[in-house]
Amino acid sequence: MTEPAERRAVTEPGSDAVTRALVRVRDLRVHFHVRQGLLRRQVGAVRAVDGLTFETLEGETLGLVGESGCGKSTTGRALLQLQQATSGTVTFQGDNLTEMNASGLRTARRHMQMIFQDPYSSLNPRHTVGRIIREPLDIHSMGTATERTTRVDELLDLVGLDASHAARYPHEFSGGQRQRVGIARALATSPRLIVADEPISALDVSIQAQVVNLLSDLKRELGLTYLVIAHDLSMVRHISDRVAVMYLGRIVELGSRDDVFDRPLHPYTRALLAAMPIADPEREAARAHTPLQGDVPSPADPPAGCHFHPRCPLATEICRREDPILGAVDEDGPSHVVACHHATEAH
């Protein structure tokens with residue numbers, strides 16, 4: 001089947017976005033079976049990720065935002081093949097991860113790591129911090145025993161901790177310090193890609209800015225590429241180069257940080273931004289609030305047509321009937337794409 005022109009404009013081989021892409025995701029789907037009865041027959045499926053196509057460019061930070069339950073974390077796990085995809089492909093450095101065997105994935109994962117959301121449950125309480133950070137080096141047989149110990153000390157210093165902390169256990173650290181340990185572990189094998197899944201949501205507000213600034217500094221120093229999964233839009237605006245907005249398992253808008261935050265095209269993006277508090281009390285009081293109506297539909301039974309149409313103030317008959325394709329709006333250029341039948345009206 002020939003791909004629509006709107007989609008080809010975003011992903012056509014030979015374009016700058018494709019040639020610079022470190023990760024390419026094509027029509028990715030992750031569905032979880034719903035089973036009932038004594039025989040555990042499948043009676044449905046939860047469509048956590050339902051047809052994603054995007055690239056993560058080398059050296060950039062791509063922010064992935066959306067409401068809870070929209071499939072952000074499942075997307076991040078599927079990128080690293082921690083969650084098996086139902087269909088679609090994930091290509092990293094030209095290699096199709098979805099077709100790799102266990103041995104190939106082990107080799108590939110040396111170059112892509114994850115920072116988990118909860119710094120309390122993601123660290124083994126029975127292991128010292130030094131052993132936790134050293135574990136990826138042991139798994140991939142990197143360096144001698146002495147070199148691995150030296151590397152652990154270097155990593156602790158890199159994330160703002162002291163080398164003497166290597167002998168301590170996770171319970172001896174604060175939440176922010178534990179997340180720094182998690183970041184050091186992710187950096188151990190010198191990866192090219194880091195997926196950060198809500199890296200600050202479990203931390204005190206006073207600590208969040210420190211961790212965000214640390215991630216930004218590490219990106220500049222080490223030339224990292226990030227996929228940052230978050231629902232904190234202010235953090236995403238601070239750290240991201242491009243932003244992808246997800247709703248019910250699909251990307252509804254993707255563009256540069258300034259395009260998405262200053263010129264949002266999708267009604268859902270506009271509603272998310274309208275919910276962000278503004279520090280200026282006068283501006284906050286003066287702006288119009290347009291809260292979304294209704295609840296998020298179940299991913300086990302998504303609406304026909306545009307998934308957002310039951311809550312959209314611009315919805316018409318075509319929205320209820322036809323699924324919009326992620327494509328460019330002429331005046332914003334091919335780098336800013338949206339899946340909406342009425343994007344120009346939202347704009």
Side-chain angles (χ1 to χ4, degrees), residues 3-28 49 51-66 70-72 75-76 79 88-94 192-196 216 219-220 223-230 233-247 249-273 276 306 308 323-347:
E3 200 167 26
E6 294 90 340
R7 192 175 297 243
R8 291 201 306 271
V10 180
T11 63
E12 188 159 19
S15 69
D16 288 343
V18 172
T19 55
R20 293 177 50 212
L22 182 65
V23 180
R24 302 176 192 173
V25 177
R26 293 291 180 270
D27 203 25
L28 181 67
V49 177
L52 297 190
T53 295
F54 67 94
E55 290 93 16
T56 302
L57 308 183
E58 189 168 357
E60 79 165 349
T61 297
L62 176 64
L64 189 60
V65 303
C70 71
K72 303 186 301 296
T75 299
L79 254 63
T89 61
V90 178
T91 304
F92 175 72
Q93 298 185 131
R192 298 186 66 188
L193 171 71
I194 289 184
V195 176
S216 297
K219 177 190 172 183
R220 287 193 300 269
L224 299 170
T225 300
Y226 286 141
L227 174 68
V228 176
I229 298 165
L233 296 181
S234 60
M235 186 272 279
V236 169
R237 182 163 197 171
H238 175 76
I239 199 173
S240 298
D241 300 301
R242 290 193 303 142
V243 177
V245 182
M246 280 190 72
Y247 183 79
R250 298 178 176 178
I251 290 179
V252 297
E253 185 165 358
L254 189 153
S256 71
R257 173 186 58 196
D258 292 340
D259 279 344
V260 171
F261 279 90
D262 297 337
R263 295 178 295 279
L265 297 176
H266 199 282
Y268 177 63
T269 308
R270 293 165 67 90
L272 286 181
L273 295 178
M276 282 180 63
C306 174
F308 186 61
D323 184 15
I325 296 171
L326 189 67
V329 175
D330 292 339
E331 59 265 30
D332 276 47
S335 62
H336 189 185
V337 294
V338 62
C340 180
H341 294 298
H342 304 291
T344 54
E345 297 176 40
H347 189 52

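Hydrogens, waters and symmetry mates are skipped; everything else that's a heavy atom, side chains included, is used.
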* Going through the distances and angles, do Val65 and Val243 end up as a side chain to side chain contact (heavy atoms under 4.5 Å, CB included)? -> CA-CA 7 Å; Val65 303; Val243 177; 4.1 Å; yes

Is the shortest heavy-atom distance from the side chain of [X] to the side chain of [Y] under 4.5 Å?
| X | Y | answer |
| --- | --- | --- |
| Val337 | Leu254 | yes |
| Leu227 | Leu79 | yes |
| Thr91 | Arg26 | no |
| Thr269 | Arg263 | no |
| His336 | Arg242 | no |

Those residues at least two apart in sequence (or on a different chain) that pass side-chain contact (heavy atoms from CB on, under 4.5 Å) with Thr61 are Lys219, Tyr226, Val228, Ile239, Ser240, Asp241

Arg250 meets the side-chain contact (heavy atoms from CB on, under 4.5 Å) criterion, sequence neighbours left out, with Asp50, His307, Asp323

With sequence neighbours left out, the residues meeting side-chain hydrogen bond (donor to acceptor under 3.5 Å, both in side chains) with Thr225 are none

Closest heavy-atom pair and its distance - [X], [Y]:
| X | Y | result |
| --- | --- | --- |
| Gly255 | Val260 | N-CG2, 3.6 Å |
| Gly76 | Ile229 | CA-CD1, 3.8 Å |
| Asp27 | Gly51 | OD1-CA, 3.6 Å |
| Val236 | Ala230 | CG2-CB, 3.7 Å |
| Val49 | Leu28 | CG1-O, 3.4 Å |
| Asp259 | Ser335 | OD2-OG, 4.3 Å |

Taken in chain and number order and not counting sequence neighbours, the residues that satisfy ring pair (Phe, Tyr, Trp, His ring centres under 6.0 Å) with Tyr268 are Tyr247, Phe308

Looking at [X] and [Y], would you say the former's side chain and the latter's main chain have a donor-acceptor pair under 3.5 Å?
| X | Y | result |
| --- | --- | --- |
| Glu253 | Leu265 | yes |
| Arg24 | Glu55 | no |
| Lys72 | Met246 | no |

Check the pair Leu326, Phe54 against side chain to side chain contact (heavy atoms under 4.5 Å, CB included), reporting the backbone distance first and the verdict last. CA-CA 10 Å; Leu326 189 67; Phe54 67 94; over 6 Å; no

Residues passing the salt bridge (charged side-chain N to carboxylate O under 4.0 Å, His left out) test with Asp258, sequence neighbours excluded, are none

Those residues at least two apart in sequence (or on a different chain) that pass salt bridge (charged side-chain N to carboxylate O under 4.0 Å, His left out) with Arg192 are Glu58

Between the CG atom in Leu62 and the CG atom in Leu22, the distance rounded to the nearest 0.5 Å is 11.5 Å

The reported gap from CG in Leu52 to CD1 in Ile251 (rounded to nearest 0.5 angstrom) is 5.0 Å

CA sep, side-chain torsions, deciding dist, call: Leu193, Gln93, side chain to side chain contact (heavy atoms under 4.5 Å, CB included)
CA-CA 10 Å; Leu193 171 71; Gln93 298 185 131; over 6 Å; no

message: Could you go through Val245 and His266, starting from their C-alpha distance and side-chain angles, then the distance that decides it, and tell me whether this counts as side chain to side chain contact (heavy atoms under 4.5 Å, CB included)?
response: CA-CA 9 Å; Val245 182; His266 199 282; over 6 Å; no

